[in-house]
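Below: the structure, in structure tokens.
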Amino acid sequence: RLGFIVNFISHHVISGFTSAAALIIGFSQLKHLMGVNIPRSHNIFIILENAYADLTVLNGVSLAIGLGAIAILLFFKNNLGGFLAGTATKAGPLVVVVLSTALVYAFGFDAGRGVKIVGEIPQGFTPFVLPHLDMSIIPALLPSAFLISFVGFIESVSVAKVLASRRRQKIDPDNELVGLGAANIGAALSGGYPVTGGFSRSSVNFQAGANTPLASMITAVL
């Protein structure tokens with residue numbers, strides 16, 4: 001029943017948190033759009049400074065693919081009408097993936113023009129094993145662990161509240177906490193990262209019309 005913690009976080013804090021996350025996520029994509037290596041940072045001014053410094057070495061093909069993808073997404077979102085408009089809008093990202101993949105493959109942009117691709121995807125699943133516990137380092141890790149879990153909970157509840165408000169729904173913070181706990185136990189047993197609710201992935205799911213965790217299961221199977 002620790003979900004009550006969220007009651008002490010004001011709407012303004014959550015609004016600021018989600019706005020900042022949106023800015024950081026958006027600007028963090030500049031390195032992919034420009035095709036350059038920009039050091040990772042949570043300070044958007046440092047990101048912009050590094051991006052400006054790399055203007056002379058930006059990858060024109062990567063930039064063209066990125067801007068083309070954005071144009072297609074905007075077209076699908078704003079220029080399609082009729083009774084299939086909603087379905088077509090949701091298919092926009094899939095069209096972008098298929099077209100960009102076909103272009104890179106057909107013209108060999110990954111080899112000749114330095115366009116970065118996903119490459120080989122490791123096959124199979126990681127084995128389920130009990131994590132190694134070294135009791136001597138637990139006191140040093142606990143403060144960071146509590147901070148990570150608290151920030152993860154706030155992030156998850158923030159995005160959940162934002163999306164729930166758009167559908168005039170309410171969330172149960174206690175259930176959110178139970179779900180996060182179960183997911184993190186699974187991550188610990190499979191060598192995964194700490195689990196939180198993600199702004200970008202949740203927004204994509206929301207815009208695609210997902211209503212339940214079944215959407216994540218379908219994604220995992222695919």
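These figures come from a predicted structure and were not determined experimentally.
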Might you confirm whether atom CZ of Arg40 has over 12 heavy atoms from other residues, nucleotides or ligands at distances under 6.0 Å? no

Any side-chain heavy atom of Asp54 sitting closer than 4.5 Å to one from Val57? yes

Rounded to the nearest 0.5 Å, how far does CD1 of Ile46 lie from OG of Ser41? 4.0 Å

Taking only residues two or more places apart in sequence or in another chain, which ones pass side chain to side chain donor-acceptor pair (under 3.5 Å) with Ser136? Asp134

Quick note, ring pair (Phe, Tyr, Trp, His ring centres under 6.0 Å) partners involving residues 88-116, not counting sequence neighbours, are Phe107-Phe109

With a 4.5 Å cut-off on side-chain heavy atoms, are Asn211 and Arg167 touching? yes

How close do Gly92 and Leu73 get, heavy atom to heavy atom, and via which atoms? C-CD2, 3.8 Å

Please round to the nearest 0.5 Å and tell me the distance separating atom CD of Glu176 and atom OG1 of Thr196. 11.5 Å

Taken in chain and number order and not counting sequence neighbours, the residues that satisfy side chain to side chain donor-acceptor pair (under 3.5 Å) with Asn78 are none

For Ala187 and Val195, which heavy atoms make the closest approach, and how far apart are they? CB-CG2, 3.9 Å

Flag yes if Met34 and Leu48 sit in one hydrophobic cluster, no otherwise; membership is Ile, Leu, Val, Met, Phe, Trp, Tyr, and two members link when side-chain heavy atoms are under 4.5 Å apart. yes

Taking atom CG of Leu130 as the centre, does the number of heavy atoms from other residues, nucleotides or ligands within less than 6.0 Å exceed 12? no

Euclidean distance, Ile25 CD1 relative to His42 NE2, rounded to 0.5 Å: 9.5 Å

Separation of Phe27 CZ from Ile44 CD1 (nearest 0.5 Å): 5.0 Å

Taking the side chain as every heavy atom from C-beta outward, state whether Ile154 and Ser158 have any pair of such atoms under 4.5 Å apart. yes

Verify side chain to side chain contact (heavy atoms under 4.5 Å, CB included) between Met217 and Val221, making sure each step is shown before the conclusion. CA-CA 6 Å; Met217 298 179 187; Val221 170; 5.6 Å; no

Where is the tightest heavy-atom contact between Gly197 and Leu180, given as atom of each residue plus distance? N-CD2, 4.3 Å

Rounded at 0.5 Å granularity, tell me how far OG in Ser156 sits from NZ in Lys161. 13.0 Å

Are any of the side-chain heavy atoms of Ile70 and Leu74 separated by less than 4.5 Å? yes

Is the closest side-chain heavy-atom distance between Val36 and Asn59 below 4.5 Å? no

Honestly curious: do Leu214 and Ile171 fall in one hydrophobic cluster under the side-chain, below-4.5 Å linking rule? no

Between Val95 and Val118, is there a shared hydrophobic cluster once you connect ILVMFWY residues whose side-chain heavy atoms come closer than 4.5 Å? no

Spatial distance of atom CD1 (Ile185) from atom OG (Ser190) [nearest 0.5 Å]: 11.5 Å

Do the side chains of Val96 and Val98 join up, straight or via other hydrophobic residues, at under 4.5 Å, putting them in one cluster? no

How about Leu33 and Leu63: do any of their side-chain heavy atoms sit closer than 4.5 Å? yes

Donor-acceptor contacts, no H, no angles, side chain residues 200-210, under 3.5 Å, sequence neighbours left out:
residue	atom	partner	partner atom	Å
Ser202	OG	Gly198	O	2.6
Ser203	OG	Phe199	O	2.8

Any residue meeting side chain to side chain donor-acceptor pair (under 3.5 Å) with Arg168, in chain and number order, not counting sequence neighbours: none

Under 4.5 Å between side-chain heavy atoms, counting indirect links through other Ile/Leu/Val/Met/Phe/Trp/Tyr residues: same cluster for Val61 and Ile117 or not? yes

Under the side chain to side chain donor-acceptor pair (under 3.5 Å) rule, collect the residues that match up with Lys116, sequence neighbours excluded. Asn37

Minimum heavy-atom distance between Pro173 and Phe153, given as atom pair plus value: O-CE1, 3.9 Å

Please name the pair of heavy atoms, one in Ile148 and one in Pro194, separated by the smallest distance, quoted to 0.1 Å. CG2-CB, 4.3 Å

Can you give me the closest heavy-atom contact between Leu189 and Pro131, atom names plus distance? CD2-CD, 4.0 Å

